[in-house]
Amino acid sequence: MDSKAQYDPKAIEPKWIKKWAETGIYKTPEDATHENKYYILPQLPYPSGSGLHVGHTEIYVGCDILARFKRMKGEKVLQVMGWDAFGLPAENYAVKTNIHPRINTDKAIENYKSQLVKIGASYDWDREVGSHNPDYYKWTQWFFLLMYNQGLAYRKNQKVNWCPSCKTVLANEQVVDKDGQEVCERCDTPVEHKMMEQWYLKITEYADRLAKDLDKVDWPKETVKRQRDWIGRSEGAQIRFEIVDSDKTLKVFTTRPDTIFGATYMVLAPEHELVKQITTEEQKGEVEKYVEDAKKKTEIERTDMTKSKSGVFTGAYAINPATEKNIPIWIADYVLTDYGTGAIMAVPAHDQRDMDFAKKYKLEIKEVVIPIFGKERKDEEFRKTISAVVQRESDGKVLAVNWKKNNWVSPVIGGIDDEEDLLAAAEREVLEETGYKCKAVKTLGGEIESHFFADHKNVYRHRLNQPVLLELLEDEPIDVNEDEKDIQDAVWMSPEEFLKKCSHEENIIGLRRYLYGAETFSGYGRVVNSGQFDGLKSEEAKEAVVKWLEEKGIGEAKVTYKLRDWSVSRQRFWGAPIPMVYDPEGNLHPVDEKDLPVVLPDDVDFKPTGQSPLTYSKSFQEGVEEKYGKGWRREVDTLDTFMCSSWYYYRYLDPKNDKQFASPEALKKWMPVDFYLGGPEHVNGHLLYSRFFTKVLYDAGYIDFDEPFKVHRHQGLILGEDGRKMSKRWGNVINPTDVVESHGADTLRMYEMFMGPLSDDKPWSTKGVLGIKRFLGKVWGLKDKVGEEKPETTQQVEINKLIKKVGQDLETLSFNTAIAKMMEFVNYAQNVEQLDQKVWEKFLLVLAPFAPFITEELWQELGNETSIHLEKWPVYDENMAKDKMVTIAVQVNGKLRDNLEMPAESEQSEVEIEAKKSEKIGKYLAGKAIIRVIYVKDRLINYVVGE
RNA sequence: GCCGGGAUGGUGGAAUUGGUAGACACGCUGGACUUAAAAUCCAGUGGGAGUUAAAUCCCGUGCGGGUUCAAGUCCCGCUCCCGGCACCA
């Protein structure tokens, strides 16, 4: 304890790195069982030539702190590092430099590894894996064969996303939107579409389970939602429509079978197989032209929603099975080929897209669902009403009434008398209520149902209201009856003002219909104009219609997904070869499992040509003929690297196993992953694929769980000091190794955690780092204060509070607040005369997961011979972790007026006695009546006073 | 357009889930040490009024309303920022 040397991380950190490696303290514990294990998984990195920056290390530091904490809590931790080593950047670099990608990749891995070692990450390096090594990709290929044998891998000629720069196919998940353009996520090149025969994995077969099982996982809720939306499950019905004068039927999918009576036309996607067959002679020319044009359009042009919809009539008609009417069949590119059946029944009244189209091409719009406002009650009184839309020509203002009692604005609304004509009722009501003489012109759309309490009549109402358009006949009103005058005034206001001021939404629908024409109502409501289904609510009608369809044998309930099958073949070199061979007739055969791995050859010209480079590898193809016979050849595409990373967390469990991807014992012991930390950008890619792989393994009987990641969290981005994303382009990249050089690994670790909540994006601050450096300097200085045990209670209270708080914060990953508390403790400890040695030891233990180097050094200085990282997390005494005295806020009418120091757990009466003694409080209470006193134990007392 | 998430001092961020807003840190100001600087240490630091100094008071969590003894936190209506999806029938 005599060393007065300054805190110098450079003098201590390399020493401990060496020692820890020698003693192997971070090896995976041999005595782990399924019950006491804790599998912590930092998302594996792609080793790029530029090395790690501090944004990458956040994830490793976060996981490492947690791993160290869990070890101290007695859990048997598995924490391993691996490399997602195949992929385009390395290959592109190889093309540029003409150096084999393996060489640069291995170099990058060495660099990453040394960076990670320097920050003190406690991995079991004996289990390190790299996806580019044959003993790894052998099993990636094995997974492919497993899928193939389960019927989950297949070839299909389909429109694919093609990156002209990377010269390869991309999965849907690898195409990102940038300023309204679909671009390659790697290189930002706009994606092209072309037809190609490709390998696909049938992830859609698992869509339902992938969606449903999201209920089982503890993931951020927005992540769950995003994945669920991506899978895009929707329930509905498949319905077959007969085509007039044809033996063909037209299959459609709809989520709203309850609107079938409103289906007034049908639409096929231009690519639909029936287009040619049903188009009439007269329409042929137009249709063919439209189909040709659609082919030429890019995906972006087709899906540009700001553009008006286009389409052509085929000349053919289908029969709406509900109305039994003939309805025209159109072709339009607003219907997507690859969703549902590529054809729809159009219900313009209840679907915005169909409405836009119907208005443009003057197709029939038939309302079959009316909106319902408010909640039904048993004791309500039913009434049919009209509401009046009257616009005066002179200034364009519309007629409204102002309800005096509640200052409400509404149109004229009035009941229809028995036997009375609707339009006549409208004319009468306007005249009675406002004195204006009008002539009813027509109804505006269908009725609107509402349920409400009619204030002026004191009853609950069930109202069915029909908006009616009227024409003003005379500018001057006649006198209205006195009773009406008391209730309301007639006022004229601009339509805009009316729409804004009108008190209830259901009452502006009439005017909106008048101003903007028919409007879509796409919500659920009450079914009307639908024969036997009239009066049902949408939810009920959906069921009833499906049942009716099933009885008639023309439809059934059906679930559809947005998720597409996963395209996994890539026309590039640096990936796992697809383990398939073709016989001379071109038939596919899987490579025998015993012949795995299909090794990636070295004699390859990896310049991308659009053809897979493996096509030109002599050794790759020669081997095949030797093995299978003349004319046989290998599949030359390689696998999407996401296949490699979909199962890496299984390989960590048993990385040297050459018989299985992992042994059943290892799988049983370690899985599922207890804590997975990774970026939010992988939600609809990697995370989904990994879940898919796991479910396939489960179905094949290899594992007994079907979700790989129990708990998943995201780290946020660390931005450059300029607030921009760290990138070479901006020159704002901070290299962790530089920070370690100048301030030490402990400082880097703690600063990254202190910046803010783990999942937030936050900018780096070079100055901010110094705060942590100072803190560690103070910790270093504290050792000179340490003396023999000193039974001073404050120190005991402080350390117990600290152990409790830091322990809690670590469980919730609130690293930033845990560090703040440690700073408070150190600030406090600096002012004590002598620091109790036991308190000091406990403090070092609490700090150890965050700052493994300095704590190890100080621990050894205390004369300990074994590592602090093998110690147990200190236990705190709940009693000691409580303050003996608390500050109680005294408020008068909610405003803070004084503070009282009181013993903890004081009763209200005791606090009141002290409060009343306060002059400040007396000032505010003098001459006032105390109406109420609110007391919150150990927090505040609030006097509510009146005059 | 739709769906998420967010907005708190000069800055990063705290706030026991309705109970003293601004913990902790950065920065800044002043001081100590020094020939000087760096480093370190001490004090101050939301805004305003007030005073020699204090005491003291008022205002303050994107904006406008509301509920409550009490609102950063709950409710209603906006604005802006970030992320995702985007004709999914």
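Order of the sequence lines sets the chain letters (A, B, ...), proteins ahead of strands, with each chain counted from 1.
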Original post:
Any side-chain N or O of A:K805 under 4.0 Å from OP1/OP2 of B:rU16?
Top reply: no
Original post:
Hey, does the side chain of A:R932 come within less than 4.0 Å of B:rC69's phosphate (OP1/OP2), counting only N and O?
Top reply: yes
Original post:
With respect to the phosphate group of B:rG12, does any side-chain polar atom (N or O) of A:N816 fall under 4.0 Å of OP1 or OP2?
Top reply: no
**OP:** Just call it for A:F815: base, sugar-phosphate, or nothing, with non-hydrogen atoms closer than 4.0 Å on any strand.
**Re:** nothing
Original post:
P atom, B:rU61 versus B:rU11: distance in rounded Å?
Top reply: 15 Å
Original post:
Do the side-chain N or O atoms of A:Y943 get closer than 4.0 angstrom to the phosphate oxygens (OP1, OP2) of B:rC69?
Top reply: no
Original post:
If only side-chain N and O atoms of A:R774 are considered, is one of them under 4.0 Å from the OP1 or OP2 phosphate oxygen of B:rU40?
Top reply: yes
Subject >> Below 4.0 Å: OP1/OP2 of B:rA23 and any side-chain N or O of A:T817 >> reply: no
**OP:** Indicate the ring-plane relationship of A:Y7 and A:W780, choosing parallel, tilted or perpendicular according to the 30° and 60° boundaries.
**Re:** tilted
**OP:** State whether A:R897 places a side-chain N or O below 4.0 Å from either non-bridging phosphate oxygen (OP1 or OP2) of B:rA70.
**Re:** no
Original post:
Which label fits B:rG10, syn or anti, where anti is any glycosidic angle not within 90° of 0?
Top reply: anti
**OP:** Looking at every strand, decide which applies to A:V890 at a 4.0 Å heavy-atom threshold: base, sugar-phosphate, or nothing.
**Re:** nothing
Subject >> Spacing of the P atoms in B:rG62 and B:rC57 (rounded, Å) >> reply: 26 Å
**OP:** Would you mind classifying the nucleic acid contact of A:D761 as base, sugar-phosphate or nothing, using non-hydrogen atoms under 4.0 angstrom?
**Re:** sugar-phosphate
Original post:
Using purine N1 to pyrimidine N3 plus N6-O4 or O6-N4 for Watson-Crick, or N1-O2 and O6-N3 for G-U wobble, both under 3.5 Å, which nucleotide pairs with B:rC2?
Top reply: B:rG84
Original post:
Looking at B:rC87, does its base get a donor-acceptor pair with the side chain of A:K309 below 3.5 Å?
Top reply: yes
Original post:
With both distances under 3.5 Å as the test, what is the Watson-Crick or G-U wobble partner of B:rU68?
Top reply: none
